[in-house]
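Single-structure report; data block below.
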Amino acid sequence: MKIATWNVNSLNVRLPHLLGWLAEAQPDVVALQELKLVDEVFPHAALAEAGYQAVSNGQKTYNGVALLARAPLVLEDVSRDLPGFEDPQKRVIAATVGGLRVVSVYVVNGQAVGSEKYEYKLRFLAALRDYLHGELAAHPQLAVLGDYNIAPTPEDSHDPATWEGNILCSPPERAALQALLDLGLVDAYTQPFLPDGRFTWWDYRAAGFRRNLGLRIDHLLLSTPLSARSWKVDTAPRRLERPSDHAPVLVEL
DNA sequence: ATGGTCGGATGCCGA
């Protein structure tokens, strides 16, 4: 099974890119983030025509997540948000597909270390940990796909001297990510592959993509019954006109 | 037009 995660940064703008990429890459399951649209206008018809069923947890302007499954796979037992964590922001959706429990998560960016948004990020990650603890108990085969807004190691940024200790690369953020792994999840990237490139996000500013000034902040975390046979960033959509600032990441189970 | 980029809304903010 081929699973993927992609922060599309506006599904309205990126729908043509998504449709082209689905036809090209043929993933079985896709987690999307930053839809920036509400469920009422989610493009179900266009995706159905492309062979994909979708469930969404949308929000206007900010956030919004979805899961796609390629027919004949079916998304079932859908749940939205983090139970017990009061939050108007739409950042989590989960479903079961072909015996696999899949979560699409858009972790808070956090803006700057020490800011109010940073505190919210750490609270969100703690609530996510509690939620995944329960998901894992109920569903041994669990894949948590998304934009975590955390670069796990210094090697996951293009310029550790600039990034270390700052937002996306601070020790408390990394500890929160490690706490998710400690539940019994493995970052598919850390399985022994030799990918050409590891970065999944490049800032729009300062020609970040052209200069490969990237970070690895999009992750596919797998429970131990699962194992990845491959891991790769597909940079093709990042090269198109009007791209998302993130590239899709694909893993074969 | 909103500084430097983009998306979305109109609060220039959030990423």
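To find a chain, count down the sequence lines: A is the first, B the second, and so on, and within it residues start at 1. What you see below is based on every heavy atom in this structure, not just the backbone, and it leaves out hydrogens, waters and symmetry mates. Computed from a predicted model, the values in this text were never measured in an experiment.
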Q. Do A:R216 and A:D187 sit within salt-bridge range, that is, some charged N less than 4.0 Å from a carboxylate O?
A. yes
Q) Can any side-chain N or O of A:R101 pair as donor or acceptor with the backbone N or O of A:P140 at less than 3.5 Å? A) no
(Q) Any heavy-atom pair between the side chains of A:L100 and A:L226 that's under 4.5 Å? (A) yes
**Q.** Verdict with reasoning, A:D218 to A:N7, per side-chain hydrogen bond (donor to acceptor under 3.5 Å, both in side chains)
**A.** CA-CA 8 Å; A:D218 299 272; A:N7 178 325; 5.4 Å; no
Q: Spell out, as yes or no, whether a donor-acceptor pair under 3.5 Å connects the side chain of A:R174 to the backbone of A:P152.
A: yes
Q. Just how far, in rounded Å, is C1' of B:dC6 from CG of A:L11?
A. 16 Å
Q) For B:dG4, is chi within 90° of 0 (syn) or not (anti)? A) anti
Q.
Parallel, tilted or perpendicular, judged at 30° and 60°: which one describes the rings of A:F199 and A:W202?
A. perpendicular
Q: Quick one: stems involving DNA chain B, counted as three or more successive Watson-Crick or G-U pairs, both distances short of 3.5 Å.
A: B:5-8 with B:12-15
Q | Nearest non-hydrogen partners of A:S170 and A:Y118, listed with the distance | A | OG-OH, 2.8 Å
Q) Which residues in residues 165-179 of chain A have at least one heavy atom lying under 4.0 Å from any atom of DNA chain B? A) none
(Q) What's the gap between B:dT10 and B:dT5 when it is taken at their P atoms, as a whole Å value? (A) 24 Å
Q: Measure up the A:W201 and A:H246 rings against each other and bin them: parallel (under 30°), tilted (30 to 60°), perpendicular (over 60°).
A: tilted
Extract from the structure each pairing of a protein N or O with an N or O of nucleotides 12-15 of chain B at less than 3.5 Å, listing the distance.
unit_1, atom_1, unit_2, atom_2, d
B:dA15, N6, A:R205, NH1, 3.4

Q | Span that lies between the P atom of B:dC6 and that of B:dG11, in whole angstrom | A | 24 Å
Q) Does atom CD of A:E164 have more than 12 heavy-atom neighbours from other groups under 6.0 Å away? A) yes
Q: Output yes when a side-chain donor or acceptor of A:D28 lies under 3.5 Å from a complementary backbone atom of A:K2, and no otherwise.
A: yes
Q) Whole-Å distance between B:dG4 P and A:L213 CG? A) 18 Å
Q: Would you mind telling me which of A:L11, A:N9, A:N63, A:V41 makes a side-chain contact (heavy atoms from CB on, under 4.5 Å) with A:L35?
A: A:L11
Q. B:dT2 and B:dA15: how far apart are their P atoms, nearest whole angstrom?
A. 22 Å
